[in-house]
Structure formats: structure tokens, C-alpha cells
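Presented below is the structure to which this report refers.
Starting from 1, each residue takes its place in the sequence as its number. Just so it is clear, the values below take in all heavy atoms, side chains as well, and ignore hydrogens, waters and symmetry mates.
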Amino acid sequence: MIPQDFLDQINPKRYIVPIGEKFHWRDYDPADTAGLKSKVEARELLEAGIKKLAAYQDILYAQNIYALLIIFQAMDAAGKDSTIKHVMSGLNPQGCSVYSFKAPSAEDLDHDYLWRANRALPERGCIGIFNRSYYEEVLVVRVHPDLLNRQQLPPEAKGKHIWRDRFKDINCYERYLSRNGILILKFFLNISKDEQKKRFLERINRPEKNWKFSLDDARDRSHWQDYQDAYADVFRYTSTAWAPWHIIPANHKWFARLMVAHFIYQKMASLDLHYPVISEAHKQQLQEAKAMLENEPD
């Protein structure tokens, strides 16, 4: 029997990229499970956690002051879709939105690279989920520099400091959002190259999963190290006090889902969430309404 406070005993620093320090991949084991032995144990903890999240979401929605933006980044087949599905399964869909960032459209390319993200931000009282995000602009665009030529940038914006400049822009953007009550949780689902290969083969061998795979996915594996290097710089330069990066071990999907839910719960628990306090005049109106309802003729 796993104790209910098991997750509270885990040191969160184990999964959070420290601010202003060197980043090393060796410090983050994609197969880590923090001592949990099976998905059965994790499922029990996750189910209890989702109920707590649902209670907080209700207050978040009623209070209508904060919004929560949850960003998922990962290599292909790391489990972003299934994590979103399982962790958010018990929440009220009326207060949640999911936006998947695919290749930018012609309209997107006619604007700055943060434009489409800005349009998808959650409203106050709501939870917004970005399945991939504006971080693609310092990841896939960096690994495939030909994509940069499609962005119609002025020549001076495409100099050798473009990635450092974008890191600064993103940090300022996230600082602006957090100052305005849009709080940010950033998750990288960390799988090993061997685990990705295993999941790719499963998608090929199972007909119901064929739609999730293309030849381009296999080809992109040749850029694995390029992506690792690009992600390392993202973590070094954009893990901040107001929006730190969480690197979640994802070789075991059941553990990744549990840890994501736990960090979302911790974030919501840290806020001053409470139901709105109604005025005395409103209380009087409620009593009048109660009397009217109770005295209605049968």
C-alpha cells in the first residue's frame, strides 16, 4: 500500500531545471520512477490526485483571477497526448482548452512567432494546455534552419544571436504573462532514444496506431542529438523563477502522468484560491430568493 503522502516526500528539485546553472542530460533519468513499482500503484495515486485537481479547478473558475497555462514539449512518441488525456480526464471541460501547435500557416507566418500563441492563451479562471508551443521556434526551427527562411524576417533579425534573442523574448513574454495572472507550468516529457524506437515500432505494428506515424518521424530520429542540444539550451536559458522547466521521466507513461498531475496540483495549491466572497446585499437577495422558492404554491 502506497502512503498518500508519497508524492510529497519526493524532492521536486529532482525534476526542476535549476535557474542559472549548467544543464546536463545525465542528471535526468528517463526511466526514473521514484521508487514506484507498478502502474497499479501510480493509478491509485493519480485517481486521488485528479479529484483534488477538480476541486481546485472549480475554485479557479469561480474566482476568475488566475489562469493556468500548461506547456508540453517532448520528442515524438513521448506521450504528450495520452498524458493530457489521463491527467485532465476528471476536470470540467468547460474550463479547459487544448491547443496543438502544428506547422505554422501562411497567416501565422505573416505575423511574429508569438502571435498564434497569444491568440490561444487561456481566459482568467481557465486552464489552457499547449501541446507543443512557441518553443518550437527555438527547437525545430533551429534543427531545420531552412524553416527560418519562411518566416519573412528582416535580415538583421536572422543574425548569429537569433536564438539567444528569442530566449530573451520568451523569458520576457512569460514574465509579462505571470505578472498578469497567467501562471505557467512547463513540462518536458523525457524519453530515451531506445524507448522512442520501441514506441515507433508499436505504431507501425498496430493498425489502430498507424495514423500516428509517418516516414518523416523515422527520418527525424537522425537529428536526435541536434534536438538534445537544442533542448539543453532551452532549459539553460528559459528556466526562470516565474516559469521553470520540469523534466518528467517518461519511459514509463504511468509515472509521467502521475508527476505531471502532482506538479499541477502543487501549483494550484500554492495559489490563494477561494470562492468569491459575496456582499451582504447579495446574501439578502439569496434569502429573498429562498423564501420565494419555498413559498411557491404546489
- [ ] For Leu36 and Trp254, run side chain to side chain contact (heavy atoms under 4.5 Å, CB included): C-alpha distance rounded to whole Å, both residues' side-chain angles, the deciding distance at 0.1 Å, then the answer.
- [x] CA-CA 10 Å; Leu36 277 181; Trp254 46 268; 4.0 Å; yes
TODO: Apply the test side chain to side chain contact (heavy atoms under 4.5 Å, CB included) to residues Leu183 and Leu69: give CA-CA distance (whole Å), side-chain angles for both, the deciding distance (0.1 Å), then the verdict.
DONE: CA-CA 6 Å; Leu183 308 179; Leu69 174 61; over 6 Å; no
Task: salt bridge (charged side-chain N to carboxylate O under 4.0 Å, His left out) between Glu280 and Lys283, worked out - done: CA-CA 5 Å; Glu280 290 300 321; Lys283 289 179 181 179; 3.5 Å; yes
Open item on the list: I'd like to know whether Phe101 forms a ring pair (Phe, Tyr, Trp, His ring centres under 6.0 Å) with Tyr99, so could you lay out the CA-CA distance, the side-chain angles of the two residues, the decisive distance to 0.1 Å, and finally the verdict.
Closed with: CA-CA 6 Å; Phe101 284 81; Tyr99 190 93; 4.6 Å; yes
Open item on the list: Could you walk me through whether Thr83 and Met88 satisfy the side chain to side chain contact (heavy atoms under 4.5 Å, CB included) test, starting with their C-alpha distance in whole Å, then the side-chain angles of each, then the deciding distance to 0.1 Å, before giving a yes or no?
Closed with: CA-CA 8 Å; Thr83 298; Met88 313 310 286; over 6 Å; no
Open item on the list: Pair Asp194, Lys197 - check salt bridge (charged side-chain N to carboxylate O under 4.0 Å, His left out), show working.
Closed with: CA-CA 5 Å; Asp194 287 344; Lys197 179 179 179 179; over 6 Å; no
Task: side chain to side chain contact (heavy atoms under 4.5 Å, CB included) between Ile247 and Phe23, intermediate numbers included - done: CA-CA 11 Å; Ile247 299 186; Phe23 174 85; 3.4 Å; yes
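Applying the side chain to side chain contact (heavy atoms under 4.5 Å, CB included) rule to Arg119 yields the partners Glu107, Trp115; only residues at least two apart in sequence or on another chain are considered. Asp146 pairs by the salt bridge (Lys or Arg N to Asp or Glu O under 4.0 Å) definition with nothing, not counting sequence neighbours. Qualifying ring-ring contact (aromatic ring centres under 6.0 Å, His included) partners for Tyr135, counting only residues two or more places apart in sequence or in other chains: Trp245. Residues that satisfy the side chain to side chain donor-acceptor pair (under 3.5 Å) test with Gln266, not counting sequence neighbours, are His262. Partners of Ser270 according to the side chain to side chain donor-acceptor pair (under 3.5 Å) rule, which considers only residues two or more places apart in sequence or in another chain, do not exist here. Among residues two or more places apart in sequence or in another chain, the ring-ring contact (aromatic ring centres under 6.0 Å, His included) test is passed with His86 by none.
Scanning all heavy atoms of the two residues, the minimum distance from Ala256 to Pro249 falls at CB-O, 3.5 Å. In this structure, Cys96 and Gln57 approach most closely via the heavy-atom pair SG-NE2, 3.5 Å. In plain terms, the two heavy atoms of Gln152 and Asp110 that are nearest each other are NE2-OD1, 3.3 Å. Of all heavy-atom pairs between Thr238 and Lys186, the closest is O-NZ, 2.6 Å. Closest heavy-atom contact between Ile16 and Pro244: CG2-CB, 3.8 Å. Of all the heavy atoms in Ser105 and Asp108, the pair that sits closest is N-OD2, 2.9 Å.
Formation of a donor-acceptor pair under 3.5 Å by the Ser239 side chain with backbone atoms of Arg236 is not found in this model. For the pair Asn118 (side chain) and Leu114 (backbone), a donor-acceptor distance under 3.5 Å is absent. Counting only distance, with no hydrogens or angles, the side chain of Arg199 and the backbone of Ala78 share a donor-acceptor pair below 3.5 Å. Judged by distance alone, with hydrogens and angles left aside, the side-chain atoms of Arg203 form no donor-acceptor pair with the main-chain N or O of Lys209 at under 3.5 Å. Distance alone, capped at 3.5 Å, is enough to place a donor-acceptor pair between the Gln63 side chain and the Asp272 backbone. A distance-only check finds no donor-acceptor pair linking the side chain of Asp58 to the backbone of Ala54 [under 3.5 Å]. In this structure, Lys253 contributes its side chain and Gly79 its backbone to no donor-acceptor pair below 3.5 Å.
A distance of 13.0 Å separates CZ of Arg142 from OH of Tyr231, quoted to the nearest 0.5 Å. Distance CG/Leu177 to OH/Tyr173: 4.5 Å, rounded to 0.5 Å. Note that the CD1 atom of Ile264 and the CD1 atom of Ile50 stand 9.5 Å from one another [nearest 0.5 Å]. Asp220 CG to Ser222 OG: the interatomic distance, rounded to the nearest 0.5 Å, is 6.5 Å. Between atom CD of residue Glu137 and atom CZ of residue Arg116 there is a gap of 6.5 Å, rounded to the nearest 0.5 Å. The CG atom of Leu286 lies 4.5 Å from the CD1 atom of Ile278; values are rounded to the nearest 0.5 Å.
Checking each of Tyr28, Trp25, Phe263 against Phe188 for a ring-ring contact (aromatic ring centres under 6.0 Å, His included) leaves exactly one that passes, namely Trp25.
Looking only at atom types and distance, the side chain of Asn171 has no donor-acceptor partner in the side chain of Tyr237 under 3.5 Å away. No side-chain donor-acceptor contact under 3.5 Å links Thr240 and Glu174.
Taking hydrophobic clusters as Ile, Leu, Val, Met, Phe, Trp and Tyr residues chained together by side-chain heavy-atom distances below 4.5 Å, Ile71 does not share a cluster with Leu53. The cluster map of Ile, Leu, Val, Met, Phe, Trp and Tyr, joined by side-chain heavy atoms under 4.5 Å apart, puts Phe167 and Tyr176 in the same cluster. Under the 4.5 Å side-chain heavy-atom criterion for ILVMFWY residues, no single connected hydrophobic cluster contains both Leu60 and Phe130. No chain of hydrophobic side-chain contacts below 4.5 Å, direct or via other Ile, Leu, Val, Met, Phe, Trp or Tyr residues, connects Leu185 to Ile19. Cluster membership for Ile191 and Val17, using ILVMFWY side-chain heavy atoms within less than 4.5 angstrom, is not shared.
The shortest distance between side-chain heavy atoms of Ser214 and Arg219 does not fall below 4.5 Å. Looking only at side-chain heavy atoms (C-beta outward), Glu136 and Gln73 come within less than 4.5 Å of each other.
For residues 29-39, the pairs satisfying side chain to side chain donor-acceptor pair (under 3.5 Å) are Arg14-Asp32, Tyr15-Asp32, with sequence neighbours left out. The ring pair (Phe, Tyr, Trp, His ring centres under 6.0 Å) analysis of residues 140-163, with sequence neighbours excluded, yields the pairs His144-His223. Within the structure, every pair that satisfies the ring pair (Phe, Tyr, Trp, His ring centres under 6.0 Å) test and touches residues 61-81, not counting sequence neighbours, is listed here: Phe72-Phe187. Applying the ring pair (Phe, Tyr, Trp, His ring centres under 6.0 Å) definition to pairs two or more places apart or across chains, none involves residues 277-298. Applying the salt bridge (charged side-chain N to carboxylate O under 4.0 Å, His left out) rule to pairs touching residues 67-93 yields Asp76-Arg132, sequence neighbours excluded.
With a 4.5 Å cut-off between side-chain heavy atoms of Ile, Leu, Val, Met, Phe, Trp and Tyr, the cluster of Met292 takes in none.
Taking the centre of each ring, Phe213 and Trp211 stay at or above the 6.0 Å mark.
Cation-pi geometry between Arg166 and Tyr113 is met: the NZ or CZ atom falls under 6.0 Å from the ring centre, inside 45° of the normal.
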